[in-house]
Amino acid sequence: MEYDFSAIEKKWQEYWVEHKTFAAVTGGDKPKFYGLVEFPYPSGQGLHVGHARPYTAMDVIARKKRMDGYNVLFPIGYDAFGLPTENYAIKNHIHPAVVTRDNIANFSRQLHMLGYSFDWDRVVDTTDPAYYKWTQWIFLQMYKKGLAYKTTMPVNWCTSCKCVLANEEVVDGVCERCGSPVIRREKSQWMLAITKYADRLCDDLDDVDFIPRVKIQQRNWIGRSEGMEMNFAVTTGDTLTVYTTRCDTLFGVTYMVLSPEHPILSGWKDKIQNWDELQAYKDEAARKSDFERSELNKDKTGVRLEGVRAINPATKEEIPIYVSDYVLMGYGTGAVMGVPGHDQRDWEFARKFGLPVIEVVAGGDIEKEAFTLKDDTGTMVNSGFLNGMTVKDAIPAMKQWVEDQGIGRRKTNYKLRDWVFSRQRYWGEPIPMVKCPCCGWVPLSEDQLPLLLPEVESYEPTDTGESPLSKMTDWVNTTCPQCGGPAQRETDTMPQWAGSSWYFLRYMDPHCTDGIASREAMDYWSPVDWYNGGMEHTTLHLLYSRFWHKFLYDLGVVPTKEPYRKRTSHGMILGEGGEKMSKSRGNVVNPNDIVAQYGADTLRVYVMFIGDFTKAAEWSAKAVAGCKRFLDRVWNLCSVPRTDDALSRANEKEIHRTIQKVGSDIDEMKFNTALAQLMSLVNKMNADQPSRGDVKILLQLLDPFAPHMCEELWQIQGFEGLCCESAWPAYDESKMVDEEKTIAVQINGKLRDTVVVPAGSDKDAVLAAALQSRKIAGYAEGMDIVKVIHVPDKLINLILKPKK
RNA sequence: GCCGCCGUGGUGGAAUGGUAGACACCGUGGACUUAAAAUCCACUGGGCGUUCGCCCGUGCCGGUUCGAAUCCGGCCGGCGGCACCA
């Protein structure tokens, strides 16, 4: 018989809302648990099954934690600023706030429809002025501490969005969001000095429980390297500073290379004999985007400076200086020492320009390729006082020598760049800064916050690269907070990452009016105990929010150094056929359709059963139906009156095992095997009719996955209170043991038979039983038993040799 | 190029040193039905042989071990991240 899922699910969803069943209360005696999922961007398409997987997973965890006796905070909100809404507003001439309101209403309805146990009194919306007031406040604190600054720099400009992008938002030379080409433009931008936190963002990863992949990717992105800055004397009389991680190879330096943008070049204009050639090369490099420069990495280009040479401080020999675009101005000093014997790029460059290649570390074949060391092997040669040393010893020895000579110093470098924080768009948080002709940039005073977005007639971005706000002269023209004279507001807005960098703090106290959240609430709920989200946010949102949190920690605003104790990640749900779901492929599954056809509980069970949670999984309509069949079986089993509150003898053992397995599997996010175990238990109960006590435990164990149905059946069986508020059942290991065990019998490591023996039988007893087997006796005929390996209750392996 | 992950039936996947394929999907046969759907029961890795067995089998080749999907080395293939970062 099928159950009436639509009536049952509606009934319990309304009950939970009306009774605020899942409202979190700050404080109390219970231990707290704060489970977090990434809040959605409320797009016009509505919720996607891609949301359902991570949301259901954390809902299962949150529901189980409540049954485990935790005080659980499981909140949701909307990351609602952003381009799609703005573009939709432009196209349809609707205010983005209206679009946002409608989309949020739709998302909210869908999230309720899936039965998530969110605390609906704590919903956060980043576009709410009561929220973005505090986003602006954090920006002002950063400005006051010198972490927010405005500078003119080449930026990534998306030709379609007509907007600046952060480095992290440019993927393969195109805009991460719209796929249009990204070009370089000089623009004045607000920047956040995330690089000042680079070391802590790296080091503090040691103290958090993030999955290794996330830690590796963050460390990779930060790209810390320990090396030296070294000064090379130049024949012009000045010095050239390079950065290197391989100072041990100094004797192998046969040339220098400068970035085309290196500022020292202009000072050498009258000394460089081939200036015209150099200028032409610089002009060409300037026309290329970073992407083009790195894409053309097959063939090295460059210009040799005529009339200027450097001196190798180790060999005292004069060496040529080149300009080449493989050296980037943005990393290190914009100048490198060329060590062709031991750096592959230098090797290629030297080959192309006919430069000498000197071996200073023996062990490779520098005729064929550079001998670059990965594991500190090799011995120093042709290197004066370093000769005979291992590389491991040579590096500190050379560092010491360079410092003693006063020609260099130890230096740490990072790939991480400061965060480009301005966007030339309307639908974002206004940056609360005023430009005064007398005072320069002046922050708004905190009592002026929130600085509201003005109503504009058109949200169209401008081709000049100015925000739509720049046309709002009434809003732009203001007075200087410092001198009171006429001044102009900043018209750029913040990127979408701003609002999401601290939203988890707001959930702790979402209606707080005198701070981002009350100290009491933050002391109680911090840190987030478990944050699950997508790998695509590892180098963006996750890094940015850790940075903001550390800044707030330094201000004394938040109580912990790190925002998240534990971070896990889910795999994507792919369309049928194994491709990414997308509108253009037409393979998008809408949760509304699945819920209408099978109910929310089936969708929840399916997305948890689909496969390993951490890996990508392919949608299968057939398998969804299988999950519905499972729930129908549960319904049929549990909706008939049952008697006897004790566990039935027939099912007792399997029930205790299931309690243990489902509990540990949920804790480890192995939802698929938890459900497999529950399916086995249901199959068992179908064979051996369950008692009322059996049914009770089944409902409790299944409740996190299929909460509506379990709650209904709980009521039908007449159990007290709510199933979701009952205590997670305990298992008794002594009730799980088998009296008899089936033992695998191997001959020389190959399985030949099985025997049944009493549990806990010793080696001799098992051996005796094995030899009783006709098959085993047949194998043992005419053989000596040389050795017997016994694994208690599992296996016995007889090593046989022919009798002499 | 560097870093990381992965490779198991027709399919999704279990099993992380001890009976490979749990659980499910698909498929086949049966029961029920006037019939179909639904439901229930049985079978379901490949091959040889048919009461009962035997051989092969976790991308490929080797190694360690009494015993390897699992550990180690080397290939092949796929996915993700970073990428002229000195």
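Residue numbering restarts at 1 for every chain, and letters A, B, ... go by the order of the sequence lines. These figures come from a predicted structure and were not determined experimentally.
Of the two residues near RNA chain B, A:Thr244 and A:Asn220, the one whose nearest nucleotide lies more 5' is A:Asn220. When each of A:Arg213 and A:Lys415 is assigned the nucleotide of RNA chain B with its nearest heavy atom, A:Arg213 is the one assigned upstream, toward the 5' end.
The same atom, C1', is picked in B:rU58 and in B:rG21; the two are 9 Å apart, to the nearest Å. Spacing of P atoms, B:rU65 relative to B:rU70, comes out at 16 Å, to the nearest Å. Across the C1' atoms, B:rC79 and B:rC26 are found 27 Å apart, a figure rounded to whole Å. Comparing the C1' positions of B:rA83 and B:rC2 gives a spacing of 8 Å, expressed to the nearest Å. Separating the P atom of B:rG10 from that of B:rG45 is a span of 10 Å, rounded to the nearest Å. The separation of B:rG4 from B:rA14, taken at their P atoms, amounts to 24 Å, rounded to a whole angstrom. The same atom, C1', is picked in B:rA31 and in B:rA38; the two are 14 Å apart, to the nearest Å. Taking atom C1' in both B:rC61 and B:rC48, one finds a spacing of 27 Å when rounded to whole Å.
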**OP:** Scan nucleotides 10-23 of chain B nucleotide by nucleotide, 5' to 3', and note B when protein non-hydrogen atoms come under 4.0 Å of the base, S if they reach only the sugar-phosphate, - if neither.
**Re:** --BSSS--BB--BB
Original post:
If the sugar-phosphate is the primed atoms plus P, OP1 and OP2 and the base is the rest, what is the B/S/- string for nucleotides 45-53 of chain B, using protein heavy atoms under 4.0 Å?
Top reply: ---------
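For A:Lys300 and A:Glu348, the salt-bridge test passes: some basic side-chain N is under 4.0 Å from an acidic carboxylate O. Ion pairing between A:Arg53 and A:Glu38 fails under the 4.0 Å rule for side-chain N and carboxylate O.
Per the geometry, CD belonging to A:Glu348 stands 16 Å off P belonging to B:rA86, to the nearest Å. We find that CG of A:Leu574 is positioned 12 Å from P of B:rC79, with the value rounded to whole Å. Note: CH2 (A:Trp347) to P (B:rG1) measures 15 Å, nearest angstrom. Taking atom CD on A:Gln344 and atom C1' on B:rA83, their separation rounds to 15 Å, with Å as the unit. For the pair A:Leu416 CG and B:rA83 C1', the computed distance is 16 Å after rounding to whole Å. Between the CD1 atom of A:Ile216 and the P atom of B:rC2 there is a distance of 16 Å, given to the nearest Å. Between A:Tyr243 atom OH and B:rC84 atom P the separation is 16 Å, expressed in whole Å. Taking atom CE of A:Met535 as the reference point, atom P of B:rC82 lies 10 Å away to the nearest angstrom.
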Original post:
When Watson-Crick pairs (N1 to N3 and N6-O4 or O6-N4) and G-U wobble pairs (N1-O2 and O6-N3) count only below 3.5 Å on both distances, what is the dot-bracket string of RNA chain B, with | for other-strand pairs?
Top reply: (((((((..(((.....[....))).(((((.......))))).((((....))))..(((((..]....))))))))))))....
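Partners of A:Gln689 under the side-chain hydrogen bond (donor to acceptor under 3.5 Å, both in side chains) rule, at least two apart in sequence or in another chain, are A:Arg642. When the salt bridge (Lys or Arg N to Asp or Glu O under 4.0 Å) test is applied to A:Asp738, the partners found at least two apart in sequence or on another chain are A:Lys653, A:Arg657, A:Lys741. With sequence neighbours left out, A:Glu618 forms a salt bridge (Lys or Arg N to Asp or Glu O under 4.0 Å) with no residue at all. When the side-chain hydrogen bond (donor to acceptor under 3.5 Å, both in side chains) test is applied to A:Thr538, no partner is found at least two apart in sequence or on another chain. Remark: A:Ser569 pairs with no residue by the side-chain hydrogen bond (donor to acceptor under 3.5 Å, both in side chains) rule, at least two apart or across chains. Take A:Arg629 and apply the side-chain hydrogen bond (donor to acceptor under 3.5 Å, both in side chains) test, not counting sequence neighbours, and it matches no residue. For A:Asp248, the salt bridge (Lys or Arg N to Asp or Glu O under 4.0 Å) partners at least two apart in sequence or on another chain are A:Arg246.
Classification of the A:Tyr3-A:Trp635 ring pair by plane angle, with boundaries at 30° and 60°, yields parallel.
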Pair up each side-chain donor or acceptor in residues 331-339 of chain A with any protein partner under 3.5 Å, not counting sequence neighbours, and list the distances.
residue  : atom : partner  : partner atom : Å
A:Tyr331 : OH   : A:Ser225 : OG           : 3.2
A:Thr333 : OG1  : A:Thr241 : O            : 2.6
A:Thr333 : OG1  : A:Ala335 : N            : 3.4
A:Thr333 : OG1  : A:Ala335 : O            : 3.3

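Contact annotation for A:Lys622: backbone-only contact, meaning every heavy-atom pair under 4.0 Å involves sugar-phosphate atoms and none involves a base. The residue A:Arg752 sits close only to the backbone: its heavy atoms come under 4.0 Å of sugar-phosphate atoms, none of a base. Residue A:Gly223 is out of contact with every strand shown, counting any heavy-atom pair closer than 4.0 Å.
Contact check, A:Arg219 against B:rG4: no side-chain N or O comes under 4.0 Å of OP1 or OP2. OP1 and OP2 of B:rA86 both lie 4.0 Å or more from every side-chain N or O belonging to A:Lys411. Taking 4.0 angstrom as the limit, A:Arg629 places none of its side-chain polar atoms (N or O) nearer than this to OP1 or OP2 of B:rA38.
Separation of the A:Phe349 and A:Tyr326 ring centroids falls under the 6.0 Å cut-off.
Judged as a side chain to side chain donor-acceptor pair (under 3.5 Å), the pairs with a partner in residues 769-778 of chain A (not counting sequence neighbours) are, in order, A:Asp753-A:Ser773.
Applying the 90° criterion around 0 to the glycosidic angle, B:rG9 comes out syn.
Using modelled atom types and a 3.5 Å distance limit, the side chains of A:Arg304 and A:Tyr322 yield a donor-acceptor pair.
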